[in-house]
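Each chain gets a letter, A, B and so on, in the order its sequence line appears, and its residues count up from 1. Everything numeric in this text was worked out from a predicted model, so none of it was measured.
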2 protein chains.
Amino acid sequence: MISVAKESDALDRIASDLRVAAFLFTRRMRLESHLEEVTDSQLTVLLHLSRVGPRTPGQLAEFERVSAPSMNRTVNVLATAGWVRRVDDPADGRRVLVEITEAGDELARTARRRRNAWLKAQLRHLDPDDRAALVRAVEVIGEMARR
Amino acid sequence: MISVAKESDALDRIASDLRVAAFLFTRRMRLESHLEEVTDSQLTVLLHLSRVGPRTPGQLAEFERVSAPSMNRTVNVLATAGWVRRVDDPADGRRVLVEITEAGDELARTARRRRNAWLKAQLRHLDPDDRAALVRAVEVIGEMARR
DNA sequence: TATTGTTATACTCTATAACTATA
DNA sequence: TATAGTTATAGAGTATAACAATA
């Protein structure tokens with residue numbers, strides 16, 4: 001029974017540390033983003049659209065794991081700013097496709113570079129073992145988040 | 001020059017993947033927290049106070065990497081709910097200490113258990129190599145966030 | 001004058017509930 | 001009746017600027 005308790009304690013420790021690290025890391029990245037035109041969440045949607053092409057609001061919400069109204073607001077902001085446009089789906093009158101504009105695509109590229117600059121500088125100084133662990137952990141964390 | 005470009009591209013890829021993973025993971029954990037009495041940010045402050053004892057609002061803000069007014073709002077919510085109290089520093093009239101109450105300490109313990117449940121279940125199914133990579137990566141990410 | 005805490009203000013992110021239009 | 005999108009509403013988190021009190 002002792003080993004079961006130890007195992008549970010160890011997992012507890014990892015869980016707490018991981019949660020705190022992810023939380024602080026997310027905040028720190030937002031701080032180091034130096035974005036002016038869009039917020040972090042907005043840029044994330046923009047980058048997704050840039051990579052995968054037009055998507056419905058519902059698909060975007062599911063992918064980003066947020067509610068439909070929440071995503072709708074983000075799309076509104078992006079559309080008002082001219083980074084995306086809504087296009088009616090000719091095959092189904094209920095559906096709408098959100099499409100990145102040329103200006104949006106341009107912005108996504110430059111903003112992504114700016115946003116990654118700080119993090120890349122951090123990664124450059126890691127030793128190879130740590131970097132390898134990080135790469136594997138990123139996959140694991142991503143899978144857990146999406147499972 | 002090619003290898004320099006490759007290195008930069010590789011770092012770019014890791015940076016993007018890490019950012020997305022941390023972002024989604026944080027959202028997913030908030031979703032799986034099942035907290036009613038406090039939000040995620042509030043509980044984080046509560047747990048910190050529970051671990052390290054009374055701290056000034058300024059110290060809390062610095063530790064959590066948020067602005068002083070932002071932390072002040074969080075402390076206000078916690079104080080109104082009775083989870084913490086403010087105590088004047090007798091040695092320096094400008095300073096205030098934020099102290100967790102007994103009820104707050106009790107809440108912190110039970111809420112922490114509830115919040116970790118989902119994540120622990122995920123961790124339990126990882127194979128040992130992945131878990132080791134995760135542990136090391138958590139240290140690395142935490143250091144980057146706080147550097 | 002410098003430091004610590006707080007208030008004022010404004011904006012983003014988020015969710016649930018309700019509503020509209022189409023299938 | 002079910003689905004997709006949207007609007008209405010409300011609350012939390014965040015920052016900058018301004019203010020108050022004390023050292």
Rounded to whole Å, the CG-P distance (A:L35 to C:dC11) equals 19 Å
Nucleotide by nucleotide, nucleotides 16-23 of chain D touches protein heavy atoms under 4.0 Å in the pattern (B base, S sugar-phosphate only, - none) BB----BS
Quick one: is D:dG11 close enough that its OP1 or OP2 comes under 4.0 Å of any side-chain N or O from B:T39? no
A:R27 has its side chain closest, among D:dG5, D:dT14, C:dC13, to D:dT14
Apply salt bridge (Lys or Arg N to Asp or Glu O under 4.0 Å) to residues B:R109 and B:E106 and explain how you reach the verdict.
CA-CA 5 Å; B:R109 271 196 299 274; B:E106 175 68 25; 3.4 Å; yes
Rounded to whole Å, CG of B:L24 lies from C1' of C:dC13 at a distance of 15 Å
| request: Answer yes or no: are there more than 12 heavy-atom neighbours, outside A:E62 itself, under 6.0 Å from its atom CD? | output: no
When rounded to whole Å, the CZ to P distance for the pair A:R86 and D:dA4 reads 16 Å
note: A:M29, atom CE; D:dT14, atom P; distance rounded to Å ~ 15 Å
Comparing B:G58 with A:D40, nearest DNA chain C nucleotide closer to 5' gives the residue B:G58
| query | Is it true that the side chains of B:R13 and A:N116 contain a donor and an acceptor less than 3.5 Å apart? | reply | no
- prompt: Within the structure, does a side-chain N or O atom of A:Q59 lie under 4.0 Å from either OP1 or OP2 of D:dA4?
  reply: no
Whole-Å distance, A:D88 CG to C:dT20 C1', equals 14 Å
**Message:** When you measure from the centre of the six-membered ring of A:F23, is the NZ or CZ of B:R30 closer than 6.0 Å and no more than 45° off the axis?
**Reply:** no
Margin query: Please verify the inter-ring angle class for B:F63 with B:H48; under 30° counts as parallel, over 60° as perpendicular, anything in between as tilted.
Written below: parallel
B:E36 atom CD is separated from C:dA15 atom P, nearest whole Å, by 17 Å
Ranking D:dA15, C:dC13, D:dG13 by distance to the side chain of A:L31, first place goes to D:dA15
Under 4.0 Å between a side-chain N/O of A:N72 and OP1 or OP2 of D:dT6, yes or no?
-> yes
Winner on side-chain proximity to B:R73, out of C:dT6, D:dA10, C:dT9, is C:dT9
Should A:E64 and B:R27 be marked as a salt bridge (Lys or Arg N to Asp or Glu O under 4.0 Å) after you check the CA-CA gap, both sets of side-chain angles, and the distance that decides it? CA-CA 9 Å; A:E64 300 289 346; B:R27 272 186 184 150; 3.5 Å; yes
Using a heavy-atom cut-off of under 4.0 Å over every strand shown, decide if B:T56 touches base, sugar-phosphate, or nothing. sugar-phosphate
Between CZ of B:R30 and P of C:dC13 the distance, given in whole Å, is 12 Å
A:E62 CD to D:dT3 P, in whole Å, measures 14 Å
The salt bridge (Lys or Arg N to Asp or Glu O under 4.0 Å) partners of A:E37 (sequence neighbours excluded) come to A:R114
B:R95 has its side chain closest, among C:dT4, C:dT9, D:dT7, to C:dT4
